[in-house]
Amino acid sequence: MRITFRQLRAFVTAAQLSSFVHAARALHVTQAALSNSVRELEETVGFRLLERTTRRVALSQEGEQFLPHAIAALDALGQFERCAADLRSQHHVLRIATSRLVGWSLMTRIYRDFHRAHPTIRLTPVDVKIDDVRASVEQGQVDLAISTHSSVSDHVTVMPLFHSRICVVCPKSHPLARRRRLKWEELIDEPLIFVGNLPRLHLARQLGPGFQFNHVRQVDDTTAALSLVAAGMGLAVCPGFVEPATRVHELKVLRVESPVVSRQYSLFVDSRRSNRMGIKQFTEFAQDYFARVGDQPVEDAPDKVF
């Protein structure tokens with residue numbers, strides 16, 4: 001089956017605009033050429049994609065199912081074109097996976113300053129679920145990743161960057177919000193929200209086998225956890241650098257002691273590609289940047305750093 005970029009683009013544009021006339025104008029082709037491209041695609045796939053009337057175009061039943069796949073294929077082809085253009089212009093694309101919270105809270109200035117120092121290296125942040133960040137490096141989906149430290153494949157190099165203390169986020173109206181410090185045992189009966197499975201497992205190891213929370217739920221990312229906290233549906237267990245994200249809903253970040261629990265965050269690099277253009281530069285840059293924090297938790301760093 002031979003499907004061309006021209007055919008997919010003609011079909012997707014006509015479907016989205018519900019008009020051959022408007023689609024032809026958008027693509028700067030004649031209406032006849034656009035119609036021919038759609039007809040060729042229908043002949044190739046073996047079913048009608050669009051229902052034509054004198055006034056408008058509508059998706060057929062098969063077309064409705066085919067459309068999202070056509071859009072995904074166009075997006076993938078677009079990425080190939082951008083990659084080729086970058087290579088021709090000597091721009092090197094560096095894909096960096098982080099959780100949304102790390103990317104939003106800590107990486108903005110790093111991305112900015114790295115771009116100024118290395119303008120020919122194009123940084124492409126990749127949002128990944130917290131439990132999948134390390135795997136994205138092992139599977140070759142990204143070039144680098146920043147995540148919590150844990151066991152990895154032999155070909156992945158782990159370089160510690162910073163650590164953050166584990167805190168609890170609650171609404172300002174919650175009775176605990178008046179407290180400056182908490183103990184983990186005071187949270188046993190509170191509804192707790194964890195982002196991913198790994199943070200919960202890490203906390204369980206730190207608190208010991210005899211310690212157990214009675215009400216736990218899990219979500220995929222921090223924004224979901226904070227929205228549930230704002231709705232009064234529980235308290236979120238998060239790293240301390242979550243604080244800037246809590247301002248949207250005016251939530252309170254509480255330190256928890258007895259014991260103080262911290263998590264180490266590291267830079268993960270596939271050692272088989274460590275000499276690739278951009279990887280070495282960003283690795284050294286990130287290590288130097290986070291070295292400014294020293295031994296303190298990253299959320300205690302001066303504002304001029306992050």
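Between F162 and Y265, the ring-plane angle classifies as parallel under the 30° and 60° cut-offs.
Salt-bridge annotation for D300 and R255: present, with a side-chain N of the basic residue lying under 4.0 Å from a carboxylate O of the acidic one. Checked for salt-bridge contact, E299 and R165 meet the test: a charged N lies under 4.0 Å from a carboxylate O. Taking 4.0 Å as the cut-off between side-chain N and carboxylate O, E250 and K172 do not count as a salt-bridged pair.
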Throw together a table of side-chain donor-acceptor distances under 3.5 angstrom for residues 227-243, partners on residues two or more places apart or in other chains.
unit_1 : atom_1 : unit_2 : atom_2 : d
S227   : OG     : T223   : O      : 3.4
S227   : OG     : A224   : O      : 2.7
E243   : OE1    : R247   : NE     : 3.4
E243   : OE1    : R247   : NH2    : 2.8
E243   : OE2    : R247   : NE     : 3.4

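Contact check for P199 versus R263: side-chain heavy atoms found under the 4.5 Å cut-off.
From Q7, atom CD reaches atom CG of N36 across 10.5 Å, with rounding to the nearest 0.5 Å. In this structure, OG1 in T222 is found 10.5 Å from CG in D220, a value given to the nearest 0.5 Å.
Here L17 is tied to no hydrophobic group at all, with no ILVMFWY side chain closer than 4.5 Å.
When atom types are taken as modelled, the side chain of S60 and the backbone of R48 share a donor-acceptor pair closer than 3.5 angstrom.
Applying the ring-ring contact (aromatic ring centres under 6.0 Å, His included) rule to pairs touching residues 189-222 yields F211-F213, sequence neighbours excluded.
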Full working for ring pair (Phe, Tyr, Trp, His ring centres under 6.0 Å) between Y289 and F114
CA-CA 10 Å; Y289 214 103; F114 182 83; over 10 Å; no
